[in-house]
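For reference, the structure is listed below as structure tokens.
Just so we're on the same page: letters track the sequence lines, and every chain starts at 1. Below, each value reflects all heavy atoms present in this structure, side chains not excepted, and no hydrogens, waters or symmetry copies.
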Amino acid sequence: MSIPVKLEAFEGPLDLLLHLIDKNKINIYDIPIVVITEQYLEYIKQMEAKNLEIMSEFLVMAATLINIKSKMLLPVEVTEEEEEVDPRQELVERLLEYKMYKYISEELKDKQLDASKVMFKPPTIPPEIAGYKEDINVEGLLSDLTLAKLHEIFKSIVKKQADKIDPIRSKFGKIEKEEINLSAKLIQIQEYGILHKIFYFRSLLEAQNTKMEIIVTFLGILELIKIGRIKIEQENRTDDIKITYLATDIIQMEEVGF
Amino acid sequence: MEIKQVEAQIEAILFTMGEAVEIERIAGAVDHDEETTRKIIHNMMDRYQSEERGIHIIELDGAVQLCTKPSLYESIIKITHIPKKHVLTDVLLETLSIIAYKQPITKLQIEAIRGVKSDHAVNKLVEYNLICEMGRMDAPGRPILFGTTEEFLRCFGLQSLDSLPVMNPEKIEDFKIEAEEEAQLKLDI
Amino acid sequence: MEIKQVEAQIEAILFTMGEAVEIERIAGAVDHDEETTRKIIHNMMDRYQSEERGIHIIELDGAVQLCTKPSLYESIIKITHIPKKHVLTDVLLETLSIIAYKQPITKLQIEAIRGVKSDHAVNKLVEYNLICEMGRMDAPGRPILFGTTEEFLRCFGLQSLDSLPVMNPEKIEDFKIEAEEEAQLKLDI
């Protein structure tokens with residue numbers, strides 16, 4: 001299928017869906033969900049995933065379409081009381097509402113064009129009059145306001161802010177940037193390997209001081225497995241991992257294009 | 001005669017103020033009650049409209065403002081450079097129409113209708129003074145409610161929100177019936 | 001008929017321009033020679049004068065300008081002196097409470113707490129003399145710090161700001177507990 005229109009041109013998942021419905025010359029109430037889903041997914045594939053947030057919105061719609069598709073493939077269970085509900089119903093309603101606002105915004109656009117032809121005049125209040133400062137009756141303004149009420153308002157704002165704070169993530173400490181070099185760590189592991197030949201994963205990790213070092217060490221092990229310099233064995237799932245160093249020398253990671 | 005004088009006062013007031021003035025305030029300045037003042041102003045509006053005049057009075061949500069007639073735009077731009085107004089993109093227009101019809105509405109509700117995040121659009125519309133905060137919703141997190149401004153009415157040539165293009169329930173119903181008929185038609189073939 | 005339309009064009013031009021416009025320029029915009037244009041304008045001037053109108057055209061050195069008639073000066077003074085309706089909206093109350101408890105505070109900090117632009121609210125509160133500038137923050141751009149005014153204290157019958165303590169995080173916790181106790185107390189009654 002050819003993709004004549006850039007996906008970025010669509011304002012959102014509903015917009016794309018409307019475009020497909022329009023392009024296929026089908027009625028909104030009669031969406032051939034299988035065809036549309038395929039075309040929709042095809043569009044998403046073409047999408048440059050530059051903006052994850054936008055991408056995810058399109059994906060949610062894709063998931064909705066697939067969900068409807070799967071529901072339609074399943075035999076419909078009709079209970080006595082409820083009528084058979086077309087799984088497309090909710091989507092159709094959303095699309096219809098969205099379409100309505102698109103239609104209205106076109107009308108508004110015309111109105112704006114007309115209204116933009118009207119000219120206004122800036123105020124020309126003589127300076128001696130403009131200089132007049134109106135006395136604002138502050139007491140009257142505050143007549144309904146008590147200190148307690150003001151306090152109440154502030155508390156609700158503070159509470160709202162507290163609600164906004166992610167209770168888990170906000171407790172994460174600052175990530176200290178440590179200069180732990182993976183290449184250096186790899187050499188260290190290899191040195192350790194030459195020395196011990198056979199060693200255990202846990203004992204290797206225990207030798208590490210920080211969380212970051214442990215992570216880098218783990219990455220180093222994975223890398224060494226990949227290039228075939230070590231072999232690992234594990235009897236049971238929670239057992240310690242036995243590592244056998246297969247080589248007799250130390251390789252600089254730059255040599256293997258790391 | 002008396003009325004003529006009041007009309008002259010009102011014209012002078014509107015000319016000087018330039019911006020929209022609440023009818024209530026005008027009433028205070030011309031020493032008449034609000035209802036009488038409104039009638040006088042409506043009378044003036046009709047006359048400005050029917051006579052071959054260059055200016056007329058528009059009404060914006062209980063306030064009135066003097067402005068030129070749109071038909072004279074061509075002559076005006078011949079003599080003066082008119083600063084460009086904000087160009088509203090389709091995204092902004094779409095968001096604005098949702099707010100106009102559903103106000104007061106929260107950002108989340110807008111996003112539910114559009115199916116996309118709308119922070120940028122809402123912020124831009126606030127910046128252009130087309131929408132503003134209307135208070136908070138009595139719901140968890142007390143989200144901000146948005147609604148349209150007087151500037152919105154002015155920019156779209158609307159007297160009040162009642163003059164928004166109509167999308168009444170019957171029209172929507174028509175829309176549906178039409179669509180259903182179309183669907184039926186297809187099945188018949 | 002034709003003349004009427006030219007007159008409308010001239011009225012619209014003068015209204016939009018506000019200032020004095022050379023008759024020569026007007027002639028160019030309405031597609032007539034200067035002499036004819038001048039005649040039409042003089043005609044308009046007479047009519048504005050004789051009719052009971054709020055505005056008229058004055059001529060200054062080959063240029064003409066639209067302005068209000070001097071006799072209506074009183075009405076204009078009156079309208080500018082009629083107080084507008086002032087109300088503390090939710091938005092204003094919210095902003096005021098933040099400033100009261102967090103002062104001195106910058107607009108940016110207020111916006112960070114509220115999650116929305118707050119220019120309008122801050123300006124209004126300054127206009128109402130409930131808050132004022134307290135100096136500048138020693139930070140890039142040297143932003144203005146706002147705090148409450150003496151008027152604010154007086155209105156609430158406060159001796160000083162000490163009776164309105166600045167809230168720090170521990171205090172907020174205390175406040176929460178207090179509030180709960182108060183609520184309990186109320187229930188007990």
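- Shown here for Ile104(A) and Tyr101(B), the closest heavy-atom pair between the two residues is CG2-CE1, 3.2 Å.
- Within 6.0 Å of the CD1 atom in Ile215(A), the count of heavy atoms belonging to other residues, nucleotides or ligands exceeds 12.
- The candidate with the highest count of non-hydrogen atom pairs below 4.5 Å against chain A, out of Ser97(B), Ala100(B), Cys155(B), is Ser97(B).
- Using a 4.0 Å cut-off between charged nitrogen and carboxylate oxygen, Asp90(B) and Lys109(A) count as a salt-bridge pair.
- The local environment of CD in Glu90(A) is sparse, with at most 12 non-hydrogen atoms from other residues, nucleotides or ligands closer than 6.0 Å.
- Contacts between Arg136(B) and chain A at a heavy-atom distance below 4.5 Å involve the side chain alone, from C-beta outward.
- Applying a 4.5 Å heavy-atom cutoff, the residues of residues 61-74 of chain B that approach chain A are Gln65(B), Leu66(B), Cys67(B), Thr68(B), Lys69(B), Pro70(B), Tyr73(B).
- There is no contact between Ile55(B) and chain A, counting heavy-atom distances below 4.5 Å.
- With a 4.5 angstrom heavy-atom cutoff, Lys102(A) touches chain B only via side-chain atoms.
- Note that CG of Leu96(B) and CD of Gln112(A) are 8.5 Å apart. Values are rounded to the nearest 0.5 Å.
- For the set Pro13(A), Ser105(A), Pro122(A), the count of heavy-atom pairs under 4.5 angstrom toward chain B peaks at Ser105(A).
- Of the inter-residue distances, the one linking Glu19(B) atom CD with Phe120(A) atom CZ reads 11.5 Å to the nearest 0.5 angstrom.
- The environment of CZ in Phe218(A) is sparse: at most 12 heavy-atom neighbours from other residues, nucleotides or ligands sit within 6.0 Å.
- Arg94(A) contributes a side-chain N or O that, together with a main-chain N or O of Ala112(B), makes up a donor-acceptor pair within less than 3.5 Å.
- Separation of atoms CG (Leu108(A)) and CG (Leu92(B)) is listed at 12.5 Å; rounding is to 0.5 Å.
- Contact record, Tyr101(A) with Ile98(B): CG-CG1, 3.5 Å, taken as the closest heavy-atom pair.
- Lys111(A) contributes no side-chain N or O that, together with a main-chain N or O of Gly157(B), makes up a donor-acceptor pair within less than 3.5 Å.
- When atom types are taken as modelled, the side chain of Glu57(A) and the backbone of Lys117(B) share a donor-acceptor pair closer than 3.5 angstrom.
- Counting non-hydrogen atoms of neighbouring residues, nucleotides and ligands closer than 6.0 angstrom, the NE2 atom of His42(B) exceeds 12 such neighbours.
- Residue Asp33(B) places its CG atom among more than 12 non-hydrogen atoms of other residues, nucleotides or ligands, all under 6.0 Å distant.
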